[in-house]
Every structure is written in C-alpha cells, then in structure tokens.
Amino acid sequence: MASYNPKSLTFNHTCLRVKDPKVSVEYYTKNFGLKLIHHQQIPESKFDLYFLSQNDEGGSPFNREGVLELTHNYGTCLLYTSDAADDMQ
C-alpha cells in the first residue's frame, strides 16, 4: 500500500442539500465567514446551486479549493433520511 502525507491533501469541494437557501447562505456567511461566489439556477431540473468560499477571487467554483456547494431542490420540504432517495423517486 502506498503511503501519503495527509498534510499534502487539500479540501476541494463538498455539497450539502438545503431546504431554505436564504437561511443556509446567511448561516454559512455569518458563522464561517464564507462568501457567496456563484449562484446557478437550473429551473428545468428544478434545483439551484449556491457556491460559497472563504474568498471571492479565483474564477469558477469548480477550479478552486475550499468550496461549499449548497443544493436546493424546488419543493423540498421533507427531511433527508437514509430512505429519502427512495421516497423522492
């Protein structure tokens, strides 16, 4: 098994699903100092994406480190559970 130095790893990108994007964006900006760097609406697929990072420099959210992606599915009002994917089909 190859060894690696964990200090060489970087946090790139993670995604969380949210019920209320306004409340969620406010939470991460106020409590973690993140900035909204990009908002993408995809109405034909019924969801929006919100990308947050510690700085707003660097272009595309897909070409930078430390990005939090918040996904809001339109009409979502149920709690996400381990069975949520089955419930939504």
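Using a 4.5 Å cut-off on side-chain heavy atoms (C-beta onward), Val25 and Lys22 make no contact.
Taking every heavy atom of both residues into account, Pro61 and Val67 meet most closely at O-CG2, 3.5 Å.
With rounding to the nearest 0.5 Å, the separation of NZ in Lys19 from NE2 in His72 is 10.0 Å. Distance OG1/Thr14 to CG/Leu68: 7.0 Å, rounded to 0.5 Å.
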Please test Asn73 against Arg17 for side chain to side chain contact (heavy atoms under 4.5 Å, CB included), starting from the C-alpha separation and ending with a verdict. CA-CA 8 Å; Asn73 296 307; Arg17 289 184 179 181; 3.9 Å; yes

N/O donor to acceptor pairs below 3.5 angstrom from side-chain atoms of residues 32-54, sequence neighbours left out:
residue : atom : partner : partner atom : Å
His39   : NE2  : Tyr50   : OH           : 3.3
Asp48   : OD1  : Tyr74   : OH           : 2.5

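For Tyr28, the side-chain hydrogen bond (donor to acceptor under 3.5 Å, both in side chains) criterion is met by no residue, not counting sequence neighbours. Residues forming a side-chain contact (heavy atoms from CB on, under 4.5 Å) with Asn31 (at least two apart in sequence, or on another chain): Tyr27. Partners of Lys30 according to the side-chain hydrogen bond (donor to acceptor under 3.5 Å, both in side chains) rule, which considers only residues two or more places apart in sequence or in another chain, are Glu26.
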